[in-house]
Amino acid sequence: MDYMNRPLVERMIEFTQKKPISFHVPGHKNGMLSGLPVELRSALSFDMTELTGLDDLHQPEEVIKEAQERLADFYQSDSSYFLVNGSTVGNLAMIYATCRAGDLVIVQRNAHKSIFNALELVEAKPILITPEWDEYTTSVGVVSEKQVQEAIRLYPGAKAVILTYPTYYGTTGNQLEEIIKICHSNRIPVLVDEAHGAHFGIGKPFPKSALTLGADIVVHSAHKTLPAMTMGSYLHVKSTLVSKERVEKYLQMLQSSSPSYLLMASLDDARAYAETYTEKDVSSFLQMRKELIDQLVKIKDLEVITANDPLKLMIRVEEYTGFQLLEALENEQIYAELADPYQVLFVLPLLKEGMDYPIKEISHRIQKAIDALDRSKKVMEKNYPTKLTRDIAELCYNREELEEFQSDWLHYEEAIGKVVSASVIPYPPGIPLLLAGERVSKEDIELLVSLTNMNASFQGAIRIKEKKIFVVINEVGE
């Protein structure tokens with residue numbers, strides 16, 4: 001394999017070939033002291049630290065600088081950065097770099113929990129826009145140009161607009177470029193969590209990246225759709241409204257002072273993988289995808305749903321929840337990205353020409369999974385509450401105000417009308433159902449009950465077995 005297009009990978013290989021003797025951290029001493037299985041231990045000779053010739057992520061001047069410059073060239077940004085703490089740290093850094101305590105920030109309601117955690121830490125005040133429901137993918141979609149215009153009209157002092165693009169389900173819509181223009185005409189920077197769009201830099205048939213459409217800061221989870229290790233992500237700046245120096249300042253503060261060279265090497269490699277993705281690779285991928293879909297649609301009772309992003313695929317079986325389907329798939333050793341009340345979401349591999357993919361085996365196992373579904377547990381209707389009724393809204397209280405109240409665990413029904421003291425988050429996808437400081441509606445509880453009855457997984461302030469959530473009990477006026 002040609003590593004010449006991967007400067008950090010190449011330098012690390014050269015370093016190990018010299019058979020260095022370690023009198024430095026990490027303590028496994030090039031893997032010598034590790035008790036890990038040999039398959040894992042063999043990688044530890046590349047688990048390096050900031051030694052001479054290997055550069056420093058927090059002060060890049062040599063090979064890491066070159067690797068990040070190549071990253072910026074590929075994504076056509078002003079500056080791009082390796083993230084070793086996942087897209088979470090990128091979302092934190094971009095919000096710290098643009099927002100202050102008390103600032104109004106317009107944010108998409110179905111953003112990832114890391115966005116809301118960052119706003120809480122900064123003590124900014126989120127103005128929430130709830131996107132419209134996407135009937136085709138049966139999921140919450142993207143915000144509209146009209147919604148953003150109205151939010152800016154109502155809150156002209158907003159310091160940033162934070163959007164998610166694409167959605168977890170691969171929905172992009174077609175209004176992002178106009179939304180960015182509207183924000184920029186009001187001198188408001190646009191920050192985009194594009195975690196699931198690192199491959200958009202390849203170009204057609206994939207959607208355009210938010211960077212191409214004019215966003216100021218974009219964060220990519222390279223590990224989600226490109227061949228990077230878990231936690232490997234990118235942050236890109238292309239803006240006249242945001243200082244890259246401030247972004248760099250917060251990245252240095254928020255990222256580990258001992259960044260993983262294995263992670264950084266995988267990020268260098270992932271960029272090279274995307275950069276060398278040819279038209280023949282695109283054709284090969286699309287042919288694989290078509291063959292897979294053709295096989296799946298032959299399976300009785302199985303419905304296949306595509307998305308704006310060709311890497312995303314959803315499958316449904318009438319009269320069964322996605323959770324039931326997921327369990328059946330996992331019994332056949334097919335592991336999906338997530339399930340919801342309606343479907344299971346697949347993230348397809350970004351294959352290149354010549355790579356094999358066991359389509360017949362996959363379709364055979366999916367057929368077996370569907371055949372094994374318990375007919376006694378059919379769900380005759382899927383009229384679950386599926387969307388929140390809020391449009392543009394503020395939180396009732398911020399973190400400091402919540403800490404002044406007394407809170408307790410109340411049964412779901414008793415919590416209606418109360419304010420939640422901490423977020424309740426279905427995971428995956430990690431999009432909060434209820435945000436700390438948000439008032440609980442009847443619709444929220446109906447959706448919560450439906451999800452818990454279907455064995456959905458949750459994080460945050462919820463006790464599923466007791467059917468309780470953590471809410472304020474001494475709010476003013478009570």
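Everything numeric here is computed off the predicted structure, so don't read it as measured data. Just so you know, these numbers use all the heavy atoms, side chains as well, and skip hydrogens, waters and symmetry mates.
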Less than 4.0 Å between a side-chain N and a carboxylate O, is that true for R399 and E123? yes
V107 versus L163: any side-chain heavy-atom pair under 4.5 Å? no
When you measure from the side chain of D269 to the backbone of A265, do you find a donor-acceptor pair of N or O atoms at a distance under 3.5 Å? no
Are side-chain N/O atoms of Q76 and T212 paired as donor and acceptor at under 3.5 Å? no
Sub-4.5 Å side-chain heavy-atom contact between T306 and I293: yes
Determine which pairs satisfy ring pair (Phe, Tyr, Trp, His ring centres under 6.0 Å) with at least one residue from residues 450-470, sequence neighbours left out, and list them in order. W409-F470
Value rounded to 0.5 Å, distance of CG in L267 from CG in L71: 8.0 Å
Chi angles and distances behind the side chain to side chain contact (heavy atoms under 4.5 Å, CB included) call for T98, Y250: CA-CA 11 Å; T98 53; Y250 285 106; over 6 Å; no
With Y234 as partner, the option from F82, Y81, F74 fulfilling side chain to side chain contact (heavy atoms under 4.5 Å, CB included) is F82
One pair to check against ring pair (Phe, Tyr, Trp, His ring centres under 6.0 Å): Y168 and H112. What are the steps and the verdict? CA-CA 9 Å; Y168 213 118; H112 190 262; 8.1 Å; no
Only one of E150, E394, K125 passes side chain to side chain donor-acceptor pair (under 3.5 Å) with Y155; say which it is. E394
Output the distance between atom CD (E466) and atom OH (Y412), rounded to the nearest 0.5 Å. 9.5 Å
Got a sec, which residues hit side chain to side chain contact (heavy atoms under 4.5 Å, CB included) with K146, two or more places apart in sequence or on another chain? S144
Within 6.0 Å of NZ in K352, more than 12 heavy atoms from elsewhere: yes
Donor-acceptor pair, side chain of Q459 and main chain of V424, under 3.5 angstrom: no
Verify, without hydrogens or angle tests, whether R439 (side chain) and G417 (backbone) share a donor-acceptor contact under 3.5 angstrom. yes
Using side chain to side chain contact (heavy atoms under 4.5 Å, CB included) as the criterion, list what pairs up with L241, not counting sequence neighbours. H184, R187, P189, D216, S239
With rounding to the nearest 0.5 Å, note down the distance linking CZ in F116 to OG in S423. 8.0 Å
Taking only residues two or more places apart in sequence or in another chain, which ones pass side chain to side chain contact (heavy atoms under 4.5 Å, CB included) with Y357? M288, P349, L351, I359, I362
Can V282 and Y277 be said to form a side chain to side chain contact (heavy atoms under 4.5 Å, CB included), step by step? CA-CA 7 Å; V282 168; Y277 207 82; 3.7 Å; yes
Would E318 and Y320 count as having a side-chain donor-acceptor pair, cut-off 3.5 Å? no
With a 3.5 Å distance limit and no angle check, can you tell me whether R289 reaches the backbone of L311 through a side-chain donor-acceptor pair? no
Check: D301 side chain, V317 main-chain N or O, donor-acceptor pair, under 3.5 Å: no
Decide ring pair (Phe, Tyr, Trp, His ring centres under 6.0 Å) for F285 and F206; before the verdict, give the C-alpha distance in whole Å, the side-chain angles of both, and the deciding distance to 0.1 Å. CA-CA 11 Å; F285 164 76; F206 304 107; 5.8 Å; yes
How many angstroms lie between CG in L57 and CG in L251, if you round to the nearest 0.5 Å? 8.5 Å
For residues 418-445, which residue pairs pass the ring pair (Phe, Tyr, Trp, His ring centres under 6.0 Å) check, not counting sequence neighbours? none
I188 and K159: CA distance, side-chain angles, deciding distance, side chain to side chain contact (heavy atoms under 4.5 Å, CB included) verdict: CA-CA 6 Å; I188 300 173; K159 299 299 182 182; over 6 Å; no
Carboxylate-amine/guanidinium proximity below 4.0 Å for D294 and K290: yes
Using side-chain heavy atoms (C-beta onward) and a distance below 4.5 Å, is V344 in contact with L329? yes
Rounded distance [0.5 Å steps], CG in L345 versus CE in M314: 6.0 Å
Pick one: which of D193, I95, I129 meets side chain to side chain contact (heavy atoms under 4.5 Å, CB included) with I162? I95
Determine the interplanar angle of the H236 and H220 rings, folded into 0 to 90°, and report it as parallel if under 30°, tilted if 30 to 60°, perpendicular if over 60°. perpendicular
I'd like to know if the side chain of T171 reaches the main chain of T167, judged simply by a donor and an acceptor atom lying under 3.5 Å from each other, with no hydrogens or angles considered. no
With rounding to the nearest 0.5 angstrom, report the CG to OG distance, D408 to S421. 9.0 Å
May I ask you to decide if T130's main-chain N or O and Q147's side chain share a donor-acceptor pair within less than 3.5 Å? yes
Do we see a donor-acceptor contact under 3.5 Å between the side chains of N91 and T88? no
Quick one: list whatever passes salt bridge (Lys or Arg N to Asp or Glu O under 4.0 Å) with E330, sequence neighbours left out. none
Could you go step by step and tell me if L434 and I469 meet the side chain to side chain contact (heavy atoms under 4.5 Å, CB included) rule? CA-CA 10 Å; L434 287 164; I469 56 177; 4.2 Å; yes
Is it the case that the side chains of K224 and H199 hold a donor-acceptor pair, with the cut-off being a distance below 3.5 Å and no angle test? no
Please confirm whether F405 and Y397 have ring centers closer than 6.0 angstrom. yes
Between N110 and Q108, is any side-chain donor less than 3.5 angstrom from a side-chain acceptor? yes
For the side chain of D309 and the backbone of K312, is there at least one donor-acceptor N/O pair under 3.5 Å apart? no
Can S139 and T137 be counted as having a side-chain donor-acceptor contact under 3.5 angstrom? yes
Strictly distance-based, threshold 3.5 Å: is any side-chain N or O of T321 a donor or acceptor partner for the main-chain N or O of Q324? yes
With side chains defined as the heavy atoms from C-beta onward, is the minimum distance between S407 and I473 less than 4.5 Å? no
Contact check, side chains of P131 and V140, non-hydrogen atoms, under 4.5 Å: yes
Between N331 and E327, does any side-chain donor sit less than 3.5 Å from a side-chain acceptor? no
Backbone of P432 reached by a side-chain donor or acceptor of R109 within 3.5 Å: yes
Closest heavy-atom contact between G214 and I180? O-CG2, 3.5 Å
Flag side-chain contact, heavy atom, 4.5 Å: V440 against V420: yes
Within the supplied structure, the quantity of interest is the number of heavy atoms (other residues, nucleotides, ligands) at a distance under 6.0 Å from D356 CG; does it exceed 12? no
Using distance alone, with no hydrogens and no angle criterion, decide if E291 and Q287 have a side-chain donor and acceptor under 3.5 Å apart. yes
Show your working on side-chain hydrogen bond (donor to acceptor under 3.5 Å, both in side chains) between N453 and S450 and close with a plain yes or no. CA-CA 5 Å; N453 286 344; S450 292; 5.9 Å; no
